Amino acid sequence: QVRLVESGGGSVPAGGSLTLSCSARGASTSLFRSNVMGWYSQAPGHQRELVADITSGGRSRYADSVKGRFTISRDSAMNTVTLQMSSLNPEDTGVYYCKITSLIRDSYSYWGQGTQVTVSS
């Protein structure tokens, strides 16, 4: 069983910065030796959407809305991922969820409990 432990989040004014971190505990099994970890956001009344993710090999991708503002990085040995968010705007407000997916069997994925990000105008 994999458990994702998230930290960070909070409330900032527009233009501010926040950093989210996520640690995948119990993901040292062979099933997760190759994986992708990422962050998704869900605003009220909207579907959960990808913000950014990164593979254990270091390949990353970003939603168009955050390119140039957010940076995702990871420590693959520790299965931790960090999302540095800058130039935040009110449209970035939502609950941010960490997710890990096995690239060995992509039916195996786990979600964190979510952390609130609120950007005031």
Side-chain angles (χ1 to χ4, degrees):
Q1 185 75 13
V2 176
R3 185 166 69 98
L4 299 177
V5 179
E6 301 159 337
S7 61
S11 298
V12 294
S17 301
L18 285 172
T19 298
L20 306 180
S21 296
C22 174
S23 176
R25 300 178 180 178
S28 60
T29 64
S30 58
L31 185 61
F32 285 94
R33 68 178 183 274
S34 179
N35 64 70
V36 55
M37 293 185 70
W39 288 94
Y40 291 71
S41 68
Q42 186 167 20
H46 290 76
Q47 292 185 334
R48 197 172 297 186
E49 298 178 336
L50 174 70
V51 176
D53 63 14
I54 185 168
T55 68
S56 48
R59 180 174 295 180
S60 61
R61 60 176 179 170
Y62 296 88
D64 288 343
S65 61
V66 307
K67 287 180 180 177
R69 300 189 297 122
F70 292 10
T71 301
I72 192 167
S73 59
R74 70 177 289 166
D75 180 339
S76 290
M78 301 297 293
N79 279 327
T80 61
V81 64
T82 299
L83 184 68
Q84 296 176 299
M85 307 184 291
S86 61
S87 300
L88 286 160
N89 58 61
E91 290 70 37
D92 296 317
T93 294
V95 180
Y96 282 66
Y97 296 89
C98 181
K99 181 182 182 183
I100 185 170
T101 301
S102 168
L103 294 177
I104 307 299
R105 293 184 183 178
D106 60 11
S107 59
Y108 285 83
S109 64
Y110 295 88
W111 290 92
Q113 79 282 2
T115 185
Q116 178 70 44
V117 171
T118 302
V119 184
S120 58
S121 57

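For the single chain, residues carry numbers from 1 onward in sequence order. Computed from a prediction, not measured in an experiment: that's the story for all the values here.
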Which heavy atom in [X] sits nearest to a heavy atom in [Y], and how many Å separate them?
X      : Y      : result
Thr101 : Ser109 : OG1-CB, 3.4 Å
Gly112 : Tyr97  : O-CD2, 3.6 Å
Thr55  : Arg74  : O-CD, 3.2 Å
Ala27  : Ile100 : CB-CD1, 4.0 Å
His46  : Gln42  : O-NE2, 3.2 Å
Ser34  : Ser56  : CA-OG, 3.5 Å

pair [X]-[Y]: side-chain heavy atoms closer than 4.5 Å:
X      : Y      : answer
Arg33  : Leu103 : no
Glu6   : Trp39  : yes
Val117 : Met85  : yes

Show your reasoning for whether side chain to side chain contact (heavy atoms under 4.5 Å, CB included) applies to Phe70 and Leu20.
CA-CA 11 Å; Phe70 292 10; Leu20 306 180; over 6 Å; no

Can you tell me if Tyr62 uses its side chain to pair, donor with acceptor, with the backbone of Ile72 under 3.5 Å?
yes

Would a distance-only check, ignoring hydrogens and angles, find a side-chain to backbone donor-acceptor pair under 3.5 Å from Ser21 to Ser7?
no

Once the angle between the rings of Trp111 and Tyr40 is folded into 0 to 90°, is it parallel (under 30°), tilted (30 to 60°) or perpendicular (over 60°)?
perpendicular

Can you tell me how far apart [atom1] ([X]) and [atom2] ([Y]) are? Round to the nearest 0.5 Å.
X     : Y      : atom1 : atom2 : answer
Leu18 : Thr115 : CG    : OG1   : 9.0 Å
Asn35 : Asp106 : CG    : CG    : 12.5 Å
Gln84 : Arg69  : CD    : CZ    : 14.0 Å
Leu83 : Thr71  : CG    : OG1   : 8.0 Å
Asp92 : Ser86  : CG    : OG    : 9.5 Å
Lys67 : Arg61  : NZ    : CZ    : 11.0 Å

Residue pair Gln116, Thr93: steps toward the side chain to side chain contact (heavy atoms under 4.5 Å, CB included) verdict:
CA-CA 8 Å; Gln116 178 70 44; Thr93 294; 4.1 Å; yes

With a 6.0 Å cut-off (strictly less than), is the heavy-atom count around CG of Asp75, excluding the residue itself, greater than 12?
yes

Could you go step by step and tell me if Lys99 and Val36 meet the side chain to side chain contact (heavy atoms under 4.5 Å, CB included) rule?
CA-CA 8 Å; Lys99 181 182 182 183; Val36 55; over 6 Å; no

Show, in sequence, the C-alpha distance, side-chain angles and deciding distance for Met37 and Cys22, and conclude whether the side chain to side chain contact (heavy atoms under 4.5 Å, CB included) test is met.
CA-CA 9 Å; Met37 293 185 70; Cys22 174; 4.1 Å; yes

Is Met78 reachable from Val5 through a run of hydrophobic residues whose side-chain heavy atoms are each under 4.5 Å from the next?
no

Same cluster or not: Leu4 versus Ile104, using hydrophobic residues (I, L, V, M, F, W, Y) connected whenever any side-chain heavy atoms lie under 4.5 Å apart?
yes

